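Only one structure is covered here, and it is reproduced in the block below.
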Amino acid sequence: MDADEFDAWYEAAFPRIVRQVHAMTGNEEEARDCVQEAFIRAWARRRRLDDARGRDAWVRTTAHRLAVSRWRRHRMDSRAGDRAVGLPVTTDGPDEKRTALVEALRRIPEAQRRAIVLHHIADLSVDEVAAETRAPVGTVKARLSRGRAALAALLDEGATHA
């Protein structure tokens with residue numbers, strides 16, 4: 001893949017993958033940072049990333065792993081909060097439904113959340129989700145079923161309290 005092809009892919013895929021990783025992590029700024037870092041890493045291996053869906057999966061998986069690593073580091077970091085670097089970035093906020101969905105996704109187990117995001121937001125098949133998460137197909141189906149049930153209850157609960 002040459003530089004122009006990479007740029008076109010980046011331009012098309014970046015917003016979509018940020019939305020997917022945001023749904024997995026619950027933090028849009030963190031998702032943007034992790035996806036950006038994943039694309040930087042993808043640039044170095046662009047000649048080996050041939051298939052379009054495989055490229056997206058590679059960046060999404062790398063971004064998710066980066067987010068998990070950052071979360072772990074953050075949890076282990078016992079330093080004071082005055083180490084913030086830079087000013088907060090302001091962006092237009094998501095709509096009410098998206099906010100409710102992301103909040104509900106935060107409240108279900110991580111494995112279920114990841115399966116739901118990959119299947120319903122990233123539009124991967126159950127087999128593709130199984131391959132990307134390295135879980136058996138039956139496990140993915142169970143995570144999807146349990147995750148959907150939990151989300152339905154959480155979103156219904158949120159609607160009745162609103």
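These numbers come from a predicted model, not from an experiment.
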Is a donor on one side and an acceptor on the other found under 3.5 Å between the side chain of [X] and the backbone of [Y]?
| X | Y | answer |
| --- | --- | --- |
| Arg143 | Ala111 | no |
| Glu5 | Asp2 | yes |
| Ser145 | Lys141 | no |
| His22 | Ala31 | no |
| Glu37 | Cys34 | no |

All heavy atoms of Ala115 vs all of Val129, minimum pair found to be CA-CG1, 4.1 Å
Closest approach of Val140 to Ala130 (non-hydrogen atoms, all atoms of both residues):
CG2-CA, 3.6 Å
So, Arg32 and Glu29, do they make that salt bridge, N to O below 4.0 Å?
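Answer for the salt bridge query: no.
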Considering only NZ, NE, NH1 and NH2 on the basic side and carboxylate oxygens on the acidic side, decide whether Arg107 and Glu103 come within less than 4.0 Å.
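Looking at Arg107 and Glu103, the cut-off is not met.
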Quick one: [atom1] on [X] to [atom2] on [Y], what's the gap to the nearest 0.5 Å?
| X | Y | atom1 | atom2 | answer |
| --- | --- | --- | --- | --- |
| Asp33 | Glu28 | CG | CD | 11.0 Å |
| Arg19 | Ile121 | CZ | CD1 | 9.5 Å |
| Asp127 | Glu132 | CG | CD | 13.0 Å |
| Arg114 | Leu105 | CZ | CG | 14.0 Å |
| His64 | Thr133 | NE2 | OG1 | 10.0 Å |
| Leu101 | Arg106 | CG | CZ | 11.0 Å |

Quick one: does [X]'s side chain get under 4.5 Å of [Y]'s, heavy atoms only?
| X | Y | value |
| --- | --- | --- |
| Ile108 | Ile116 | yes |
| Leu66 | Ser69 | no |
| His119 | Arg148 | yes |
| Phe39 | Ile17 | yes |

Qualifying residue, where the test is ring-ring contact (aromatic ring centres under 6.0 Å, His included) with Trp43 and the options are Trp58, Tyr10, Phe6, Trp9
Phe6
Salt bridge (charged side-chain N to carboxylate O under 4.0 Å, His left out) with [X]: which residues, sequence neighbours excluded?
| X | value |
| --- | --- |
| Arg45 | none |
| Arg65 | none |
| Arg16 | Asp56 |

Is Leu144 linked to Val137 within one hydrophobic cluster, defined over Ile, Leu, Val, Met, Phe, Trp and Tyr using a side-chain heavy-atom separation of less than 4.5 Å?
yes
State yes or no: do Val117 and Val102 share one hydrophobic cluster built from I, L, V, M, F, W and Y residues joined by side-chain heavy-atom distances below 4.5 Å, directly or via other members?
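Different clusters: Val117 never reaches Val102 through Ile, Leu, Val, Met, Phe, Trp or Tyr contacts under 4.5 Å.
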Check against side-chain hydrogen bond (donor to acceptor under 3.5 Å, both in side chains), Gln20 and His120
CA-CA 10 Å; Gln20 295 162 3; His120 293 289; over 6 Å; no
For Leu118 and Arg60, run side-chain contact (heavy atoms from CB on, under 4.5 Å): C-alpha distance rounded to whole Å, both residues' side-chain angles, the deciding distance at 0.1 Å, then the answer.
CA-CA 9 Å; Leu118 292 174; Arg60 185 174 39 252; 3.0 Å; yes
Can you find a side-chain donor-acceptor pair between Gln112 and Arg146 that sits under 3.5 Å?
no
